[in-house]
> 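What follows is a structure written as structure tokens; I'll ask about it next.
Order of the sequence lines fixes the chain letters, A, B, ..., with proteins taken first and strands second; residue numbering starts at 1 for each chain. What's counted below: heavy atoms across the whole structure, side chains too, no hydrogens, waters or symmetry copies.
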Number of protein chains: 2
Amino acid sequence: MTTFFPPGTAPTEDAERACHQVLKVLQRIGDKWSLVLIGRLRHRTMRFGELHREITGISQRMLTLTLRQLERDGLVRRTVHATVPPKVEYALTELGVTLLEPVHALGLWAAEHRREIEDNRERYDAGAERGTR
Amino acid sequence: MTTFFPPGTAPTEDAERACHQVLKVLQRIGDKWSLVLIGRLRHRTMRFGELHREITGISQRMLTLTLRQLERDGLVRRTVHATVPPKVEYALTELGVTLLEPVHALGLWAAEHRREIEDNRERYDAGAERGTR
DNA sequence: CTGTATCCTTCTGGATACTG
DNA sequence: CAGTATCCAGAAGGATACAG
């Protein structure tokens with residue numbers, strides 16, 4: 001592939017396209033619930049109600065919508081058991097599992113620099129406050 | 001740090017917090033323009049108008065807002081030259097540069113699996129279409 | 001149990017006009 | 001040149017009720 005922004009490459013054409021791809025991925029998994037779901041399904045298959053109960057604050061609607069998106073992209077597999085009452089299980093696909101690694105890398109970055117970012121924000125906000133007085 | 005979802009760890013408490021951190025980072029850089037800006041500033045300092053001209057489709061408003069956010073987090077440094085007409089330059093900070101690596105990893109994943117995801121979507125949509133007939 | 005349908009609020013981002 | 005101020009449209013997401 002073309003690297004994200006290879007040194008020496010003018011940030012146009014290829015780079016623009018690559019950037020766009022990254023962006024689409026980030027926007028998909030960067031929405032409010034996708035990553036939470038992927039995290040929950042990291043170790044085991046889970047049922048709909050189980051996810052709904054254990055994920056704090058998610059609405060039934062968003063749980064369904066997010067699962068459908070992930071299923072559509074092939075990151076999650078949905079298995080319906082024809083029983084009464086119905087039983088539906090969700091699991092990561094192999095593709096879904098491969099996503100864990102890069103996301104984890106970003107997670108490490110976030111954890112490593114969280115404090116630094118918070119400090120930056122406080123400094124910035126303090127400066128802005130002085131500016132308005 | 002606590003890993004994103006360490007094997008053997010129940011996905012609660014620490015894991016939930018870690019997940020939340022990753023989520024916040026993804027939502028920040030996963031918005032419509034942050035990543036594009038970071039990509040553009042990868043190799044060199046750029047001026048406001050330059051960014052505005054070279055980034056296809058961005059509005060002046062969103063360029064300002066996004067740059068301010070990145071500046072607030074300490075990912076981008078804003079330098080004002082007291083000249084007439086004014087000249088303002090933007091550059092990645094060291095923190096901003098460290099973000100390039102994990103984002104690039106995600107970019108590689110996106111590029112590697114783009115086709116697979118597109119195929120998954122086509123298959124899924126085709127199936128959904130049949131289902132509604 | 002596992003959803004779908006509807007309504008409503010909030011947030012994001014674009015267009016446009018104006019300013020130091 | 002480098003913004004700020006407004007207004008507005010559309011998307012995202014929550015609450016609630018209903019259905020197979």
> Measure CD/B:E50 against P/D:dA2 and give the value in whole Å, please.
9 Å
> Which comes earlier along DNA chain D counting from the 5' end, the contact point of B:F48 or that of B:Q27, where each point is its nearest nucleotide?
B:F48
> Below 4.5 Å, heavy atoms only, C-beta onward: do A:L51 and A:L67 meet side chain to side chain?
yes
> Looking only at heavy atoms, which two atoms of B:T93 and B:G74 are closest? And how far apart?
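The answer is OG1-O, 2.5 Å.
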> Please name the pair of heavy atoms, one in A:T56 and one in A:W33, separated by the smallest distance, quoted to 0.1 Å.
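The pair with the smallest heavy-atom distance is O-CH2, 3.5 Å.
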> So what is the end-to-end bend of the helix from C:dC1-D:dG20 to C:dG20-D:dC1, with 5 pairs used at each end and the value given to 10 degrees?
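The angle, to the nearest 10 degrees, is 40°.
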> Using a 4.0 Å heavy-atom cut-off, does A:R78 contact any base of the nucleic acid, only the sugar-phosphate backbone, or nothing at all?
sugar-phosphate
> List the atom of A:L26, the atom of B:G30, and the distance in Å for their closest heavy-atom pair.
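Smallest interatomic distance, heavy atoms only, reads CB-CA, 4.0 Å.
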> By the 4.0 Å heavy-atom rule, please label A:R68 as base, sugar-phosphate, or nothing.
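The answer is sugar-phosphate, as A:R68 gets under 4.0 Å only of primed atoms, P, OP1 or OP2.
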> How close or far is atom P of C:dG3 from atom CE of A:M62, stated in whole angstroms?
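It works out to 15 Å between those atoms.
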> Does A:Y90 place a side-chain N or O at less than 4.0 Å from the phosphate oxygens OP1/OP2 of C:dG3?
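Answer is yes, contact under 4.0 Å.
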> Write down the distance between CD1 (A:I55) and P (C:dT2), rounded to a whole number of angstrom.
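In whole Å, C:dT2 P and A:I55 CD1 are 13 Å from each other.
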> From C-beta outward on B:D31, which listed nucleotide comes closest to its side chain: D:dA2, C:dC1, C:dG13?
C:dG13
> Of B:P86 and B:G57, whose nearest nucleotide on DNA chain C comes first from the 5' end?
B:G57
> I want to check one thing: is the phosphate of C:dG14, taken as OP1 and OP2, less than 4.0 Å away from some side-chain N or O of B:K32?
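Result: yes.
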> Nearest-Å distance, CD (B:E89) to P (D:dG3)?
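That distance rounds to 12 Å.
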> Quickly work out the B:L65 CG to D:dA2 C1' distance and round it to whole Å.
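Distance check: B:L65 CG to D:dA2 C1' gives 14 Å.
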> Could you check whether any side-chain N or O of A:E50 sits under 3.5 Å from a backbone N or O of A:R47, counting only pairs where one atom can act as donor and the other as acceptor?
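It does hold such a pair.
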> Where do B:V103 and B:L35 come nearest, in terms of heavy atoms and distance?
CG1-CD1, 3.6 Å
> Pick base, sugar-phosphate or nothing for B:R47, based on heavy-atom distances below 4.0 Å to the nucleic acid.
sugar-phosphate
> To the nearest Å, how far apart are A:R61 CZ and C:dC8 C1'?
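After rounding, the reported distance stands at 11 Å.
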> In whole Å, what is the span from the CD atom of A:Q60 to the C1' atom of C:dT4?
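Nearest whole value for this atom pair: 9 Å.
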> Roughly how many Å is it from CG in A:L63 to C1' in D:dA15, rounded to a whole number?
15 Å
> Testing the basics here: between B:H52 and B:Q60, what is the closest heavy-atom pair and its distance to 0.1 Å?
NE2-N, 3.7 Å
